[in-house]
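First listed ligand is number 1; within each ligand, the first listed atom is number 1.
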Amino acid sequence: MSKEKEIILSGIRPTGKLHIGNYLGSLKNFIALQNQHECYFFIADLHSLNEPFDPKTKYEQIIDLAKDYLACGLDPKKCTIFVQSHVPEHSELAIILSNTIPVSFLFRMTQFKEKSDDRAEKNVNAGLLYYPVLMAADILAYKANLIPVGQDQTQHVELARDAAGFFNNKYGQFFPEPKPLYTEVPKVMSLLLPDKKMSKSLGDSHCIYIDDEPEIIQKKLAKAVTDTGDGKSLGAKNLLDLAKIFCQPKIYSKLSSDSQKGSLKYSELKQQLALDITNYFSEFRQKKKKISTNDVEKILATGAKKASTVAQKTLTEVQKKIGIR
Ligand code: ADP
Ligand code: TRP
C-alpha cells in the first residue's frame, strides 16, 4: 500500500453476533488501518433489511455491533464510526447512481443469484437486487479508494468501481475507483462444511463467535471436520490457517510441520486453538461488558455528524454535475 493517506471505508451488517470470519476478514483490518488513514466504519443497517428480521431487536443489533467495533479496538478519535441510515445522503446518492448502472450488472451478482435461489419460494425483494447500488453509494459518498472486506464482497466492490467509471464517463472525472483490501485470511471456512465460508446463515455450530465463552469454543472445535492427519483436506487447512493467526509462531511451526509429515494429532491442534482463540478475545469480552449503550449512542451521533459533512459535500457536487442543482 502507498504511504499516502488513503480514504478507507467499510461496513458490516447488524444481523447478530460477529464470528471469527468477520473479524479476520474485515474488522481486524479496520483496527490496523485507523492509525494511518482517513477511515469511515459504519453499521450497514439499511443493508440488513432485505432478509427477514424482527423490528423489536434491530436497534439492539445495531448498538451491539457498535460495541463490538469499540471493544475490538476501533477508536472514535482515530476514525469515524456511524450508522448508515443516520446519514441519508447514502440513500440519495444510491438513487442517482442507479441511473448509470445497467440492471444486467445487478442480476449477475453471485450474492443475488445465491440468495434469490434460496428464497425463490419466499420473498425476493428489490432490496436484494439493489444491494450493490447502495453499497456503491456508501463507498463513493466518501470518495473512498480502499475497501477492507472479506473475499465474498469482491464482486460488490467491483460494481462500485464500475459505478464510479460509468459516472465519470458520463459527467467527467469525479470519483476515484475503489479497490478491495484483504487481510491474510480473506475467507474463513465453516467448521462443519469447510467448502463453504463461515457464515451466520449456516447456523451457530458452523461459526466461532468472537464473544463465545471458552467452553463453547472448545465444543465447537471438537466437532470441526478434519481428515486423517495429512493436513490436505479443506477442514484441516482451515484450522491450520486459524492456528497461524491465533497461536504463537513456534507452536504454529510445530503444528504445520507435523501436518506435512502426516503426524498431526487433530485433538491437540483443536485444544491448542481453543485455548488461543479464547485468550485472544478475552480482553474483548471484558471490554464489551463495560461499554454502555449511552456512550455508544453519543459516539454514533458524533460520527454521523462528521460523516454527513463529507457525504453532503459529495452529494451537492454530484447534484450540480448532473444538473439538478
Ligand atoms: P455473514 O456472511 O456472516 O452474514 P457479513 O455479510 O455481515 O457476514 O460480513 C461482514 C464482513 O465480514 C464482510 O467484509 C465480509 O466480507 C466479511 N466476512 C464474512 N464472512 C467471512 C468469512 N467467512 N471469512 C472472511 N471474511 C468474512
Ligand atoms: N455488503 C457488505 C457485507 O455484506 C456490507 C457493506 C455495506 C459494505 N456497504 C458497504 C462493505 C460498503 C464495504 C463497503 O458484508
Side-chain angles (χ1 to χ4, degrees), residues 7-30 33 39-53 61-62 64-65 68-69 72 80 82-85 87 90-91 93-94 97 109-112 114-115 118 127-128 130-161 163-164 178-204 206-210 234 238 241-242 245 307 311:
I7 300 181
I8 312 274
L9 172 136
S10 193
I12 299 181
R13 298 173 310 130
T15 50
K17 298 168 177 217
L18 287 183
H19 53 68
I20 57 172
N22 301 134
Y23 178 79
L24 295 180
S26 65
L27 193 48
K28 189 165 182 247
N29 241 358
F30 299 3
L33 292 160
C39 292
Y40 300 88
F41 298 121
F42 65 97
I43 292 156
D45 58 344
L46 296 174
H47 272 111
S48 72
L49 306 181
N50 68 54
E51 59 193 32
F53 66 93
Q61 289 182 323
I62 293 170
D64 197 60
L65 180 53
D68 285 336
Y69 278 7
C72 277
T80 305
F82 63 100
V83 179
Q84 183 184 34
S85 69
V87 184
H90 291 223
S91 308
L93 184 58
L97 291 175
M109 291 285 118
T110 309
Q111 179 177 292
F112 174 75
E114 284 176 1
K115 291 198 176 176
D118 288 351
L128 186 64
Y130 193 74
Y131 187 103
V133 180
L134 180 57
M135 184 158 157
D138 297 336
I139 294 171
L140 300 181
Y142 302 86
K143 298 188 176 172
N145 40 6
L146 283 178
I147 316 301
V149 281
Q151 215 167 46
D152 60 300
Q153 293 298 315
T154 305
Q155 219 184 15
H156 291 158
V157 178
E158 280 166 5
L159 188 109
R161 191 160 71 217
K179 284 190 292 211
L181 182 69
Y182 303 120
T183 59
E184 262 176 282
V185 197
K187 195 172 185 186
V188 176
M189 310 312 280
S190 145
L191 298 178
L192 301 182
L193 295 171
D195 59 331
K196 295 200 160 72
K197 76 157 192 154
M198 181 176 283
S199 174
K200 293 180 275 270
S201 55
L202 290 175
D204 287 349
H206 293 255
C207 306
I208 296 176
Y209 295 112
I210 64 175
L234 290 173
N238 192 36
D241 282 351
L242 295 178
I245 302 289

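- Contact residues of ligand 1 (protein heavy atom closer than 4.0 angstrom to a ligand atom; sorted by chain and number): I12, R13, H19, G21, N22, G25, S26, V149, G150, D152, Q153, P186, K187, V188, K197, M198, S199, K200.
- Checked by atom type and distance alone, the side chain of S190 never pairs as donor or acceptor with a backbone atom of K196 at under 3.5 Å.
- For Y182, there are no ring pair (Phe, Tyr, Trp, His ring centres under 6.0 Å) partners at least two apart in sequence or on another chain.
- Summarising the local packing, NZ of K143 is surrounded by more than 12 heavy atoms from other residues, nucleotides or ligands at distances under 6.0 Å.
- We find the NZ-OH distance between K115 and Y131 to be 6.0 Å, quoted to the nearest 0.5 Å.
- With hydrogens and angles ignored, the 3.5 Å screen pairs no side-chain donor or acceptor of N29 with any backbone N or O of S26.
- By the 4.5 Å heavy-atom criterion applied to side chains, C72 and I210 are counted as neighbours.
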Could you tabulate the donor-acceptor pairs under 3.5 Å formed by side-chain atoms of residues 133-142, not counting sequence neighbours?
unit_1 : atom_1 : unit_2 : atom_2 : d
D138   : OD1    : Q84    : NE2    : 3.0
D138   : OD1    : H90    : ND1    : 2.7
D138   : OD2    : Q84    : NE2    : 3.2
Y142   : OH     : H90    : NE2    : 2.9

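- Between atom CG of residue D241 and atom CE of residue M189 there is a gap of 10.0 Å, rounded to the nearest 0.5 Å.
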Could you list, one pair per line, each nitrogen or oxygen of ligand 2 together with any protein nitrogen or oxygen closer than 3.5 Å, giving atom names and the distance rounded to 0.1 Å?
unit_1   : atom_1 : unit_2 : atom_2 : d
ligand 2 : 1 (N)  : Y131   : OH     : 2.7
ligand 2 : 1 (N)  : Q153   : OE1    : 3.0
ligand 2 : 4 (O)  : Y131   : OH     : 2.7
ligand 2 : 4 (O)  : Q153   : NE2    : 3.2
ligand 2 : 9 (N)  : D138   : OD2    : 2.7

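- The aromatic rings of H19 and Y209 sit tilted relative to each other, their planes meeting at an angle between 30° and 60°.
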